[in-house]
Amino acid sequence: MKTATTPTMPVHPLANHRAHDYRALVREWRVLAKEAGLKMQAFARVGGQLPVYVLRTKDAANDRRPTIYLSAGIHGDEAAAPWGLLDWARENVALLREGRFLIFPVLNPHGLILNTRADQDGADLNRSFNVPEHPLITVWRQLVEGREFSLALCLHEDYDGQGCYLYELNPRGPVVGHAILNDCSLVLPIDQRKRIDGRAAKGGLIVRRMLPEMPGHPEAIVLHLMGTPLTLTFESPSEFSLHDRIEAQKTFIRSALEHGLRRG
Ligand SMILES: [Zn+2]
C-alpha cells in the first residue's frame, strides 16, 4: 500500500523572524560573543531595568590598534539595522576575532520593543548625544572616550527613503560613499532624490566635510568631534521588504569596511 506524502514546503528566509523581539536578539548576540571572543556587557539599564548592551574586543594592555565602531537600533522603528548588524557579525566571526571592535547592537531597546523612534522618555536619542546629563549618553561617553576609532558605522532606516542613502562625514580623505552605495545597489535601489532630509544629495550620498548646524547632536557628529576620520550613517528604506533591508545593511557594513579601511 502506498502512503500519501505531504509535499515539503520551502522555508522562507524570514521564517520565525521576530523583528522587534529584543530578548531573542540579545540571546543571539550572547552566542555570537562567545564564538567571536567578544566581551558582552549590559552597560546601562533604561525604562524599567531594560539592559542596553555593548560588545567589545577583550582589552589587551598593549593593544594600540584603532577600534572599529558599529552601532544600530538608536531608533526602534528601524528593525533591519540591528538584525542586519547581527547577521553580518554571524558571517564574520573570524574578522571579529582578528580586529578590534566596539559594538552597540541596540542603543534603544525600549523603542525596538515598541516599534517607536523615541526612547523610553519620548526623546530622540540621536539628538541627545551632546546632552551630558542624559543617563545613557553619560555611560556611552565613558565607553568611547579615550579610544581612537579608525571607522564608525551608524545603522539606520528611513520610512521616507526611496532607496538606500548614506551620510559620509569625512573631514580629510577621498570620498568612499559612491563605491559603497554601488555595492548596496545590487540589493536595493539607491535613493536618487536631489535633496534628502533637507540636504543636497547626489546618487544617494550626502558628503559632509563641515559640521552641519543642529540643535541636538547625533551619534555620528560626536564621533566626528572625537577625531574619527570617517563616520558613515547608512539608511535603508523602511517601506521595502525586511529581508532585502537586512541584506542591504549587511552589504553596507561589508563594503564600508572594505572601502573605508583601505583609503590613504
Ligand atoms: Zn534612524
Side-chain angles (χ1 to χ4, degrees), residues 22 25-26 29 33 38-61 63-76 78 81-82 85 89 96 99-112 116-156 167-172 208 210-235 253 256 260:
Y22 181 55
L25 192 81
V26 168
W29 272 108
L38 296 168
K39 186 180 172 191
M40 182 166 174
Q41 178 198 3
F43 74 97
R45 292 190 182 267
V46 294
Q49 297 305 297
L50 203 51
V52 188
Y53 291 94
V54 62
L55 292 101
R56 55 188 148 170
T57 303
K58 287 177 183 154
D59 286 322
D63 193 344
R64 293 279 175 269
R65 289 177 298 165
T67 306
I68 295 165
Y69 178 102
L70 306 171
S71 133
I74 284 191
H75 296 137
E78 302 175 4
L85 177 57
L96 288 167
R100 198 168 190 217
F101 288 87
L102 185 69
I103 303 173
F104 293 95
V106 181
L107 273 168
N108 175 10
H110 190 271
L112 183 73
T116 59
R117 178 179 175 90
D119 69 6
Q120 60 287 340
D121 302 314
D124 185 338
L125 191 58
N126 210 29
R127 297 291 178 273
S128 309
F129 276 76
N130 57 332
V131 180
E133 62 273 20
H134 191 294
L136 184 73
I137 300 305
T138 305
V139 273
W140 176 85
R141 276 188 177 270
Q142 288 164 2
L143 287 165
V144 299
E145 266 165 10
R147 277 182 185 267
E148 188 190 335
F149 296 114
S150 51
L151 173 65
L153 307 183
C154 307
L155 307 176
H156 286 258
Y167 295 95
E168 177 167 346
L169 197 46
N170 178 351
R172 290 186 296 274
R208 291 162 162 178
M210 306 279 286
L211 276 187
E213 286 290 323
M214 294 185 96
H217 279 177
E219 176 187 34
I221 300 276
V222 175
L223 290 162
H224 164 81
L225 290 171
M226 287 172 55
T228 306
L230 180 63
T231 305
L232 299 170
T233 302
F234 181 65
E235 306 267 358
I253 301 167

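Keep in mind that the numbers below use all heavy atoms, side chains included, and drop hydrogens, waters and symmetry copies.
Across Pro229 and Pro171, no two heavy atoms sit closer than the pair O-CD, 3.3 Å. Nearest approach of Leu55 to Ala33, heavy atoms of both residues: CD2-CB, 3.7 Å. When all heavy atoms of Ile137 and Ser128 are compared, the closest pair comes out as CG1-O, 3.5 Å. The two atoms that bring Leu151 and Ala256 nearest to each other are CD2-O, 3.7 Å, heavy atoms only. Considering all non-hydrogen atoms of both residues, Gly73 and Val106 come closest at O-CG1, 4.0 Å. Across all non-hydrogen atoms, the minimal contact from Thr138 to Pro132 is OG1-O, 2.8 Å.
When each of Leu107, Leu155, Leu153 is tested with Ser71 by the rule side chain to side chain contact (heavy atoms under 4.5 Å, CB included), just one qualifies, namely Leu107. For the side chain to side chain contact (heavy atoms under 4.5 Å, CB included) with Arg117, the qualifying choice from Leu125, Asn108, Asp124, Ile74 is Asp124, the only one to do so.
Annotation: side chain of Leu96 is in contact with side chain of Ile103 (closest heavy-atom distance under 4.5 Å). By the 4.5 Å heavy-atom criterion applied to side chains, Leu38 and Thr57 are counted as neighbours. Using a 4.5 Å heavy-atom cutoff, the side chains of Ile68 and Ser150 are in contact. Two residues are said to be in side-chain contact when any heavy atoms from C-beta on lie closer than 4.5 Å; Gln120 and Leu50 fail this criterion. The shortest distance between side-chain heavy atoms of Leu230 and Glu168 falls below 4.5 Å. In this structure, the side chains of Pro51 and Val26 stay at 4.5 Å or more apart for every pair of heavy atoms. Taking the side chain as every heavy atom from C-beta outward, Phe43 and Val52 approach each other to under 4.5 Å. By the 4.5 Å heavy-atom criterion applied to side chains, Phe129 and Ile221 are not counted as neighbours.
For Arg100 (side chain) and Asp63 (main-chain N/O), a donor-acceptor pair under 3.5 Å exists by modelled atom type. Without hydrogens or angle criteria, Asp119 side chain to Gly111 main chain gives no donor-acceptor distance under 3.5 Å. Side-chain atoms of Thr233 never come within 3.5 Å of backbone atoms of Tyr167 as a donor-acceptor pair (strictly under, hydrogens ignored).
Between atom CH2 of residue Trp29 and atom CG of residue Leu85 there is a gap of 4.0 Å, rounded to the nearest 0.5 Å. Rounding to the nearest 0.5 Å gives a distance of 7.5 Å between CG of Asn130 and CZ of Arg141. Between the OH atom in Tyr53 and the NZ atom in Lys39 there is a gap of 14.0 Å [rounded to 0.5 Å]. Of the inter-residue distances, the one linking Trp140 atom CH2 with Leu102 atom CG reads 9.0 Å to the nearest 0.5 angstrom. From Arg147, atom CZ reaches atom CE of Met226 across 9.5 Å, with rounding to the nearest 0.5 Å. Going from atom CZ of Phe104 over to atom CZ of Arg56 covers 8.5 Å, rounded to the nearest 0.5 Å.
Side-chain contact annotation: His110 with Asp121, donor-acceptor N/O pair under 3.5 Å absent.
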